[in-house]
Novice: 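Just passing along the structure, written as C-alpha cells.
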Amino acid sequence: MTGQSISRALLRHHGDVDAEPGLVDYAVNVRLARPPAWLRERLAAALDRLGSYPSAADHAAAAQAVADRHGVSPDRVLLLNGSAEGFALLPQLRPRLAAAVHPSFTEPEVALTDAGVPVHRVLLSPEDGYRLRPDDVPENADLVVVGNPTNPTSVLHPAADLLALARPGRTVVVDEAFIDAVPGERESLAGSAADGLLVFRSLTKMWALPGLRAGYVLGSPDLLARLAAHRPQWPVGTLALEAFRACSEPFAVAESDRAAVEFETHRAELVSALAELPGVRVHEPASAPFLLLTVKDGANVRAALRERGVAVRRGDTFPGLGGDHIRVAVRSPEQSEPLLTALREVLA
C-alpha cells in the first residue's frame, strides 16, 4: 500500500495509536517519559496564572524568548498550539498546487487536501537514500512541504537543497520538529531570512510535552500574518507560553545540545545491534531520534512484537512506504534491549 492508495484515515494514523498502554513504547519519538524537573517546576509555578486570560504581554514575552533563541526579530515568530495547528493553517495561504515530499509526516497533506488544495506527492526513492532532489518538485507548485530531518526516514537534507526549492511566488515549508535532536542543529534554516520560507519547530519531542501542545513557526512577518489571519482569540495558553520561555533559555538550549549528542551515540549503538539481526535492514544515513527498518512480513512482525509487549510504529501509513517498513525510536542501550530481545525471538 503506497503512493496515492493510502486513505485519509491511514494518513491520520500516528505513533501514539501504536503505543497502547502497557506496551514498551518504541513507536513514539518523545525523549523522556515526562518533562524534566526544572520544566515541571516552571509550569507548576504558572498554574496560579490560569485564572486570567493569557495577556498580550505574556504572548510577546514568549515570542521574544523564541526570537532570541534563534537570533531573529519577534515579528518573525508565530507561536502555535502545537505545530499541528500550523499545518492546519496552511490552506490560509491559498496555494493553487501543493507539493508534499514523501515519505514524511502526513498532517500537512491531510489539512491541504481537506481544504480542497490539489496535492502532488513527490515520492523519494529508497535506492537514492530518500534524497531530496529539488528538480523533482513540479515547477508550478506554489507550496512545498518537506521534513528535515524527515519522519520516518531519518534523513537530514542539506540546507542548500532546501533553499534550492525557493521560487518567486512559492512558499517552502520545512518541518524541523526533530532537528533539535541533531547535534548543532546542522542544516537548520531557523535563522534564515530567505523569501517564502516557513520553518516549523516543536517543543514536544525534546521536552516531553505532547500533552501541552507547543510549537512555533518562523518566517517573514507578512507570511505569518497570512497564516494567522483567522485564528481565534487567545490561541496559545498560559502554560504553553511559559514553556516557550523556559525552553528557549540558554541553559535549556545547552541541555538540548547535550541530548542531541547522546541521541547520536545511542543511535549508532542501536544501528550496530540491529545490523546483527537476520532479515533487518536499517535505512542509513540516519540523523533523527528514530530509525526506519525494513523487515520481511512486517505486519506479522509488528503483531508478534505486540504479543511480547513491544510497540513499534507501522510504516505503511506513510506514502512511499509499505507493509515491511517499521519505525523504531532511538533509546539508550538499556532501554533498547527489550526491543532487541523481542526482535531476536520473532525473527528466529
Novice: How many angstroms lie between atom CG of L209 and atom OG1 of T204, to the nearest 0.5 angstrom?
Specialist: 6.5 Å
Novice: Could you walk me through whether D180 and R201 pass salt bridge (Lys or Arg N to Asp or Glu O under 4.0 Å), step by step?
Specialist: CA-CA 9 Å; D180 51 5; R201 300 287 294 242; 5.1 Å; no
Novice: Parallel, tilted or perpendicular: which one describes the rings of H70 and Y216, with boundaries at 30° and 60°?
Specialist: tilted
Novice: Applying side-chain contact (heavy atoms from CB on, under 4.5 Å) between H325 and each of T317, T153, L292, report the one that passes.
Specialist: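 The single option meeting the side-chain contact (heavy atoms from CB on, under 4.5 Å) with H325 is L292.
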Novice: Any side-chain heavy atom of R167 sitting closer than 4.5 Å to one from V144?
Specialist: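 In short, these two side chains do not touch, never coming nearer than 4.5 Å.
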Novice: Might you confirm whether atom CZ of R34 has over 12 heavy atoms from other residues, nucleotides or ligands at distances under 6.0 Å?
Specialist: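 Check fails, neighbour count at 12 or below.
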Novice: Would V28 end up clustered with L23 when hydrophobic side chains under 4.5 Å apart are linked, directly or stepwise?
Specialist: no
Novice: Looking at every heavy atom in both E249 and R245, which two are closest together, and how far apart are they?
Specialist: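 Closest heavy-atom pair between E249 and R245: CG-O, 3.2 Å.
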Novice: Could you tell me how the ring of F87 sits relative to the ring of F105: parallel (under 30°), tilted (30 to 60°) or perpendicular (over 60°)?
Specialist: tilted
Novice: Strictly distance-based, threshold 3.5 Å: is any side-chain N or O of R314 a donor or acceptor partner for the main-chain N or O of A299?
Specialist: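 No, R314 side chain to A299 backbone: no donor-acceptor pair under 3.5 Å.
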Novice: Do you see a donor-acceptor pair shorter than 3.5 Å between the side chains of E109 and H102?
Specialist: yes
Novice: Could you go through C247 and R69, starting from their C-alpha distance and side-chain angles, then the distance that decides it, and tell me whether this counts as side chain to side chain contact (heavy atoms under 4.5 Å, CB included)?
Specialist: CA-CA 9 Å; C247 297; R69 186 243 195 272; over 6 Å; no
Novice: Taking side-chain contact (heavy atoms from CB on, under 4.5 Å) as the test, write out the residues that go with E41, two or more places apart.
Specialist: none
Novice: Side chain of S154, backbone of A286: donor and acceptor closer than 3.5 Å?
Specialist: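 Such a contact is absent between S154 side chain and A286 backbone.
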Novice: Which of parallel (below 30°), tilted (30 to 60°) and perpendicular (above 60°) describes F178 and F290?
Specialist: perpendicular
Novice: Any donor and acceptor pair, going by atom type alone, linking the side chain of D324 with main-chain N or O of G298 inside 3.5 Å?
Specialist: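 Side chain of D324 to backbone of G298, a donor-acceptor pair under 3.5 Å: yes, one is there.
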Novice: Decide yes or no for S192 and V199: does some side-chain heavy atom of the first lie under 4.5 Å from some side-chain heavy atom of the second?
Specialist: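 No, too far: nothing below the 4.5 Å cut-off.
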Novice: How far apart are the C-alpha atoms of L50 and L239, what are their side-chain angles, what is the distance that settles it, and do they pass the side chain to side chain contact (heavy atoms under 4.5 Å, CB included) test?
Specialist: CA-CA 8 Å; L50 293 182; L239 295 183; 4.2 Å; yes
Novice: Would you check if the side chain of R170 reaches a backbone N or O of G196 as a donor-acceptor pair within less than 3.5 Å?
Specialist: no
Novice: Linking I/L/V/M/F/W/Y whenever any side-chain heavy atoms sit under 4.5 Å apart, do V137 and L97 land together?
Specialist: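 Different clusters.
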Novice: Is there side-chain contact between V282 and L293, with at least one heavy-atom pair below 4.5 Å?
Specialist: yes
Novice: Hey, does the side chain of D75 reach the backbone of P221 with a donor-acceptor pair shorter than 3.5 angstrom?
Specialist: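 Pair absent, no side-chain N/O of D75 close to backbone of P221.
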Novice: Should side-chain heavy atoms under 4.5 Å link Ile, Leu, Val, Met, Phe, Trp and Tyr, which residues sit in the same cluster as V182?
Specialist: L156, I179
Novice: Tell me, which pairs form a salt bridge (Lys or Arg N to Asp or Glu O under 4.0 Å) where one or both residues lie in residues 47-64, sequence neighbours left out?
Specialist: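 For residues 47-64: R49-E242.
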Novice: Using atom types as modelled and distance alone, determine if a side-chain donor or acceptor of R31 lies under 3.5 Å from a backbone N or O of M206.
Specialist: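 It does hold such a pair.
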Novice: Say you draw a straight line from CG of L132 to CG of L124; how long is it, rounded to the nearest 0.5 Å?
Specialist: 6.0 Å
Novice: Suppose we screen for side-chain contact (heavy atoms from CB on, under 4.5 Å). Which residues come up paired with A208, at least two apart in sequence or across chains?
Specialist: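 side-chain contact (heavy atoms from CB on, under 4.5 Å) list for A208, sorted by chain: V30, L32, P35.
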Novice: What side-chain hydrogen bond (donor to acceptor under 3.5 Å, both in side chains) pairs are there with at least one residue in residues 79-99, not counting sequence neighbours?
Specialist: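 For residues 79-99: E85-R231.
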Novice: Verify the cluster assignment for L163 and V155: are they in a single hydrophobic cluster under the rule of side-chain heavy atoms below 4.5 Å apart?
Specialist: yes
Novice: Please test V236 against F244 for side chain to side chain contact (heavy atoms under 4.5 Å, CB included), starting from the C-alpha separation and ending with a verdict.
Specialist: CA-CA 10 Å; V236 181; F244 287 125; 3.8 Å; yes
Novice: Could you check L227, L197, L223 and say which one makes a side-chain contact (heavy atoms from CB on, under 4.5 Å) with T171?
Specialist: L223
Novice: Would you indicate whether the side-chain heavy atoms of R327 and N29 approach each other to under 4.5 Å?
Specialist: yes
Novice: According to ring-ring contact (aromatic ring centres under 6.0 Å, His included), who are the partners of Y130, at least two apart in sequence or on a separate chain?
Specialist: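 Here the qualifying residues are H283.
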Novice: Hey, could you give me the CD/OG distance between E337 and S332, rounded to the nearest 0.5 Å?
Specialist: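 One gets 10.5 Å once the value is rounded to the nearest 0.5 Å.
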Novice: Starting from V24, can I reach V280 by hopping between I/L/V/M/F/W/Y residues whose side chains sit under 4.5 Å apart?
Specialist: yes
Novice: Hey, does the side chain of E176 reach the backbone of N148 with a donor-acceptor pair shorter than 3.5 angstrom?
Specialist: no
Novice: Please find the pair of heavy atoms, one from V122 and one from P138, that lie closest to each other, and give the distance.
Specialist: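 That would be CG2-CD, 4.2 Å.
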Novice: Give a yes or no on this: more than 12 heavy atoms of other residues, nucleotides or ligands lie within 6.0 Å of atom CG of D195.
Specialist: no
Novice: Is a side-chain N or O of R331 found less than 3.5 angstrom from the main chain of D25, in a donor-acceptor match?
Specialist: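 At least one qualifying donor-acceptor pair exists.
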Novice: Look at the side-chain heavy atoms of Ile, Leu, Val, Met, Phe, Trp and Tyr, link any pair under 4.5 Å apart, and say whether V261 and L291 land in one connected group.
Specialist: no
Novice: Test L224 against L198 for side chain to side chain contact (heavy atoms under 4.5 Å, CB included), laying out the working first.
Specialist: CA-CA 8 Å; L224 296 182; L198 290 175; 3.8 Å; yes
Novice: Looking at R302 and R313, would you say the former's side chain and the latter's main chain have a donor-acceptor pair under 3.5 Å?
Specialist: no
Novice: Are E255 and W38 side-chain neighbours, meaning at least one heavy-atom pair lies under 4.5 Å?
Specialist: yes
